[in-house]
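In each ligand, atom 1 is the first atom listed, and ligand 1 is the first ligand listed. Just so it is clear, the structure is predicted and the values come from calculations on it, not from any experiment.
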Amino acid sequence: MHSLVFIKQVPDAAQVRVDYNTGTLIREGVPAIINPYDTHAIEAAVQMKDKFGGIVSVLSMGPPMAEDALRKALSMGADKAYLLCDKVFAGSDTWATSYALWAGAQKIVQENGPVDIFWAGKQAIDGDTAQTGPGLATRLDIPLVTCAIKIVELNLEKSYIVVQRLIEGGFETLQVSIPCMITVEKELNTLRFSPLPDLIRAARSKIHLLNSSNVDIDPTKCGLKYSPTKVKRVFVPSKRERGEILDVNENNIASVLFEKLEPVLRKMNKL
Ligand code: FAD
């Protein structure tokens with residue numbers, strides 16, 4: 001079987017801080033990582049390969065440094081890594097990003113054969129829109145399962161997969177035909193530890209470069225100029241006032257709270 005995993009390189013959110021004077025992110029010294037949800041998509045695809053055979057391709061659109069993310073994916077068990085990198089993609093919104101990734105996927109299909117399952121993370125921890133996976137499924141015209149937490153069954157002969165997905169207040173189990181697109185939650189699996197030989201193989205592997213000259217892509221459908229989303233304003237929420245820490249015990253908690261809240265509630269005509 002052939003899996004294709006879309007992975008995005010993102011700044012490690014745990015280490016990003018905001019410069020309140022300029023309203024910009026402080027990126028200096030912040031390491032770039034694979035979007036955490038995408039690592040679970042890679043793991044899921046590699047587990048499928050372990051069980052059913054075949055290959056796992058990974059595709060990322062981004063600057064040359066996204067090669068590091070692709071090498072990490074190779075060390076996790078992916079077989080072929082593709083980097084879609086070209087000035088024409090700069091400033092693409094989610095609509096244009098899903099178009100460029102779709103075009104890159106067509107090239108990978110030409111080289112490695114049809115894809116059974118397309119995988120993506122539920123969302124990227126920087127952009128956070130969760131639109132790219134659904135956008136790709138629409139362009140590929142295949143069923144979509146979002147927020148997957150368990151692969152219940154894959155039947156390649158009958159071309160279907162059964163997936164459990166997270167919904168508000170519980171989960172639901174869906175059966176969809178393949179090829180399909182699955183976006184994943186972190187609960188889907190536990191990441192494997194990459195042994196040294198896999199790290200060496202990943203370091204030595206070729207990263208296949210894709211761009212507007214070797215992919216059949218319409219440059220008037222990507223990049224900032226052709227992105228329908230226009231960013232009107234970017235701002236940093238104002239800093240919150242520090243709260244007050246009250247010295248209370250179980251005997252006086254109600255009276256201390258009432259004393260604090262009474263003037264506020266009276267002002268609001270709630271007393
Ligand atoms: P989500 O939709 O939340 O991601 C879901 C999943 O889709 C990911 O887990 C991953 O599996 C897959 N995925 C998402 N992005 C990629 C990718 N690039 N490669 C492979 N898989 C992916 N971003 C820039 O980096 N540079 C820019 O210059 C830039 N300009 C922008 C201009 C505008 C007007 C707008 C609106 C956005 C711009 N962005 C830019 C952000 C960029 O559009 C988004 O990062 C991108 O579309 C993905 O959206 P997201 O981050 O919300 O990912």
Sequence neighbours excluded, the answer for salt bridge (Lys or Arg N to Asp or Glu O under 4.0 Å) partners of Arg266 is Glu262
Residues 85-94, side-chain donor-acceptor partners within the protein, below 3.5 Å, at least two apart:
residue: Asp86; atom: OD1; partner: Val88; partner atom: N; Å: 3.0
residue: Asp86; atom: OD2; partner: Ser212; partner atom: N; Å: 2.9
residue: Asp86; atom: OD2; partner: Ser212; partner atom: OG; Å: 2.8
residue: Ser92; atom: OG; partner: Phe89; partner atom: O; Å: 2.6
residue: Ser92; atom: OG; partner: Gly223; partner atom: N; Å: 2.9
residue: Asp93; atom: OD1; partner: Trp95; partner atom: N; Å: 3.2
residue: Asp93; atom: OD1; partner: Ala96; partner atom: N; Å: 3.0
residue: Asp93; atom: OD1; partner: Ser227; partner atom: OG; Å: 3.3
residue: Asp93; atom: OD2; partner: Thr229; partner atom: N; Å: 2.8
residue: Asp93; atom: OD2; partner: Thr229; partner atom: OG1; Å: 2.5
residue: Thr94; atom: OG1; partner: Gln131; partner atom: OE1; Å: 2.6

Salt bridge (Lys or Arg N to Asp or Glu O under 4.0 Å) partners of Asp50, counting only residues at least two apart
Arg192
With a 4.5 Å cut-off on side-chain heavy atoms, are Ile117 and Met1 touching?
yes
Do Lys260 and Glu244 meet the salt-bridge criterion of a basic N to acidic O distance under 4.0 Å?
yes
At a 4.0 angstrom heavy-atom cut-off, ligand 1 is contacted by Phe6, Ile7, Lys8, Asn35, Asp38, Leu59, Ser60, Met61, Gly91, Ser92, Asp93, Thr94, Thr97, Leu101, Ala120, Gly121, Gln123, Ala124, Asp126, Gly127, Asp128, Thr129, Ala130, Gln131, Thr132, Leu224, Thr229, Val231
Are Leu59 and Ile217 connected into the same hydrophobic cluster when the rule is that any two of I, L, V, M, F, W, Y join if their side-chain heavy atoms are below 4.5 Å apart?
yes
